[in-house]
Structures are given as structure tokens and as C-alpha cells.
Engineer: 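One structure follows; several queries about it will come next.
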Amino acid sequence: MPNGAGMVLEDRIVYAGGEYQRYGDVRVGLLTHGLQYGTGCFEGVRGFWNPEHGELYLLQLEDHYVRLAASAKVLFMTLPLSPAKLAELTVELCRRNEYREDVYIRPVIYKSSEDVGVRLHGVNQAFAIIVIPFDRYFDSSLGLNACVSSWRRIDDTIAPARGKITGIYVNSALAKTEAQLNGFDEAIFLSHDGHVAEGSAENIFLVKKNRLYTPDATQNILEGITRSNVLTITKDELGIEVVERAIDRSELYGAEEIFFTGSAAGIQWVRSVDHRVVGEGAEGPVVRAISRLYNDAIRGRIPRYQQWLTGAYAAERAVSVS
Ligand code: PMP
């Protein structure tokens, strides 16, 4: 049985206020700025347990802290330590919780002053890391039924779309709930000017005539770390051309394959969009090949992608080998 199984959230160890503490002992006040005004930034990092290696592989841990630093800068906040140092703290946190299962890591930096007044300057900040066991974000081997949302993806002229900013997620929540209450699994955002942007918490890819298409970085997308991994795998391993450009809604209907990518979601194929079946309505060959490579890479089974991974128990394993 995984170590974290059955443990209540209150008893898990988190990093907050510069120290390791019980989740249940951390206090966040009701007037906290980040809670009242959405002035926080966060990351979603995955850890994958490989039982054969006896290792918990944390996927692109430092890259997530680099992105967190960039989001924080937009809100006039600074990470308390360097990405490399925060990666070390995260490894230690996983070890203290003795996780030997798949996990989800949630670093968060937020405006912590408990006072009234919306602004970014002159407000204190706080930082925390929480790690919880995590299985699957989508439970769908049958593919997802997606719809184009009536909500548009936040435009960079309104709030910084590139930042992973807590308040901006009301945009995603509106789209996701609308989609699910209407019987779909996931929403696809169009941007303010009507181009395909992304899912509620995933980037999107289309396959057509043996080419992979994805909205370019100027389409108000969050530039996903999984998106970048998929671009690498596709170019390096599959020799398929990748095109990053603006994509129109009707291109979704003509695609042979569509899939979402995200740290939580992994690589998830789409069965239909707006009730139009994508391709044959089955997992297509391109997404299958990419998923297979990606899922092997994140569990440490492909040596050349080992550089993406930080082993939480690597130091321990090195000692037991020597
Ligand atoms: N877009 C949005 C809005 C997201 O929340 C996420 C999840 N972080 C992504 C895309 C995918 O990004 P990543 O692959 O870095 O998880």
C-alpha cells in the first residue's frame, strides 16, 4: 500500500513560513490578500513513482520554479529562494512525507497581508509547498468529449495570460463548469479574437496530414511545460513536423486527431468537439506514439530524458549502492 494512503490532509507535512510543518498547523487568515483578490501564483508539478527503480521522479521541478518566478515577478513578488534551492526543499518534503506513489506538488506564492485595499505594491508575501498523492486528472481511456466554451480565454490586455496566477483561474473554472454541466468533459477556449487557445487547464494539439499543430505563444496560452516536452518528443523521436500558429475553430472539426497536454492531465486524446467526432473517434496513431514515449520518459524509462527528472530518493539510493 502506498505510504500516503489513508493519511488525512491535516497530518501531511508541508513547507510554509520557511519551515516544515503539519498542514493542520498552518494558519491562513480570512482577510489574506491572495484569498480576497486572487493575488497569488502557483505551479502544478507531478511526481511519478517507479517501483522497479524504487524512485519518485519529480518532473521538471526546477523549470516549474523558473516559471513560478516569472509569474511572481508580474505580481511584484520574488521567490524566497532560487529555483534550484526550492527544488531541493521539494525533494526533502517528498522524503519527509515518505511518498512512494504518484504525487502532485503545489508550490504557491501569494500576497499575505491581512488588510483591505486592492493593489500589488506594499503588500507582504508568503510562500508554501504542498504535496499530495495524486492519481489521474481525467478518468477517460475512451477519450474526452470537448466543446468550445462560450467563455473566451483571458486576454493579455486584461490580465497576464502567461502567468499562472490564482485569480485568473476563475476564467478556467467558468469554462470547465459550463462544459461539464452541459454534459461535456472539457472546454476549449477561443482567444479574444476567435482563435483556438487551449483547454481549461491544458494546452491543445491537432494532427492533420502527418503534421502537428498547436497555438503559438502569442495566442494567450499558458506556455505549458508538457507542451514543450511534447514538441521535443515529436521532433526528436517521431520526425513529425510541428507548426505553431493561430488555429481557427473549424480546424478542430477537420482534424484527424486532437489531444490535450498538461502536468495534471498528462496527454489526453479527444474523442469529439462540439458533437463532431474527431477522426475515427478512437485514439489516433500520433497521440498514441507521443503518449507512449511521454509516459515512459516521466517514469525514468528513457535514459535520454532522464535530465527532466529529479529523483526524490536519489541520495538514499546512492548510499545504499556504495
Ligand atoms: N494551460 C493552463 C491554463 C493550465 O492551467 C495548464 C496547467 N498548468 C496548462 C495550460 C498546461 O501547462 P503545464 O503543461 O505546464 O502543466
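Atoms within each ligand, like the ligands themselves, are counted from 1 in listed order.
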Engineer: Among protein heavy atoms, which sits nearest to atom 5 (O) of ligand 1, and what does the distance come to when rounded to 0.1 Å?
Structural biologist: Y169 OH, 2.4 Å

Engineer: May I ask whether R67 has any heavy atom positioned less than 4.0 angstrom from an atom of ligand 1?
Structural biologist: yes

Engineer: Tell me whether the count of non-hydrogen atoms from other residues, nucleotides or ligands lying under 6.0 Å of CZ in R292 goes above 12.
Structural biologist: no

Engineer: Does R211 have more than 12 heavy atoms from other residues, nucleotides or ligands lying within 6.0 Å of its CZ?
Structural biologist: no

Engineer: What do we get for A264 next to ligand 1 when only non-hydrogen atoms under 4.0 Å count, side chain, backbone, both or neither?
Structural biologist: neither

Engineer: Can you find an N/O atom of K164 closer than 3.5 Å to an N/O atom of ligand 1?
Structural biologist: yes

Engineer: Is there at least one pair of N or O atoms, one from T226 and one from ligand 1, spaced under 3.5 Å apart?
Structural biologist: yes

Engineer: Quick one: look up the protein heavy atom nearest atom 16 (O) of ligand 1 and list residue, atom name and how far away it is.
Structural biologist: S263 OG, 2.6 Å

Engineer: Could you check atom 6 (C) of ligand 1 against the protein and tell me its nearest heavy-atom contact, residue, atom and distance included?
Structural biologist: A201 O, 3.2 Å

Engineer: How far is atom 11 (C) of ligand 1 from the closest protein heavy atom, and which atom is that?
Structural biologist: N203 OD1, 3.6 Å

Engineer: Transitively linked via ILVMFWY side-chain contacts under 4.5 Å: I267 with Y305?
Structural biologist: yes

Engineer: I want to know if ligand 1 touches G44 in the polar sense, i.e. an N/O pair below 3.5 angstrom.
Structural biologist: no

Engineer: I need the atoms of ligand 1 closer than 4.0 Å to a non-hydrogen atom of G262, numbered in the order shown.
Structural biologist: 11 (C), 14 (O), 16 (O)

Engineer: Which residue owns the protein heavy atom closest to atom 10 (C) of ligand 1, what's the atom, and how far is it?
Structural biologist: E198 OE1, 3.4 Å

Engineer: Do any N/O atoms on H64 end up under 3.5 angstrom from N/O atoms on ligand 1?
Structural biologist: no

Engineer: Nearest heavy-atom pair of V123 and K111: which atoms, and what distance?
Structural biologist: CG1-CB, 3.7 Å

Engineer: Which protein heavy atom lies closest to atom 12 (O) of ligand 1, and at what distance to 0.1 Å?
Structural biologist: G224 CA, 3.4 Å

Engineer: Do you know which of F205, Y294, W269 makes ring pair (Phe, Tyr, Trp, His ring centres under 6.0 Å) with F259?
Structural biologist: F205

Engineer: To check you understand the geometry: which heavy-atom pair defines the closest contact between F189 and W151, and what is its length?
Structural biologist: CD2-O, 3.2 Å

Engineer: Distance to the ring centre below 6.0 angstrom and angle to the axis at most 45 degrees; does that hold for R12 and Y23?
Structural biologist: no

Engineer: Quick one: does S200 get a heavy atom under 4.0 Å from ligand 1?
Structural biologist: yes

Engineer: State whether the shortest distance between N or O atoms of S172 and N or O atoms of ligand 1 falls below 3.5 angstrom.
Structural biologist: no

Engineer: I'd like to know whether CG of L30 has more than 12 heavy-atom contacts from other residues, nucleotides or ligands below 6.0 angstrom.
Structural biologist: no

Engineer: Can you confirm if the aromatic rings of Y20 and Y15 lie within a centre distance of less than 6.0 Å?
Structural biologist: yes

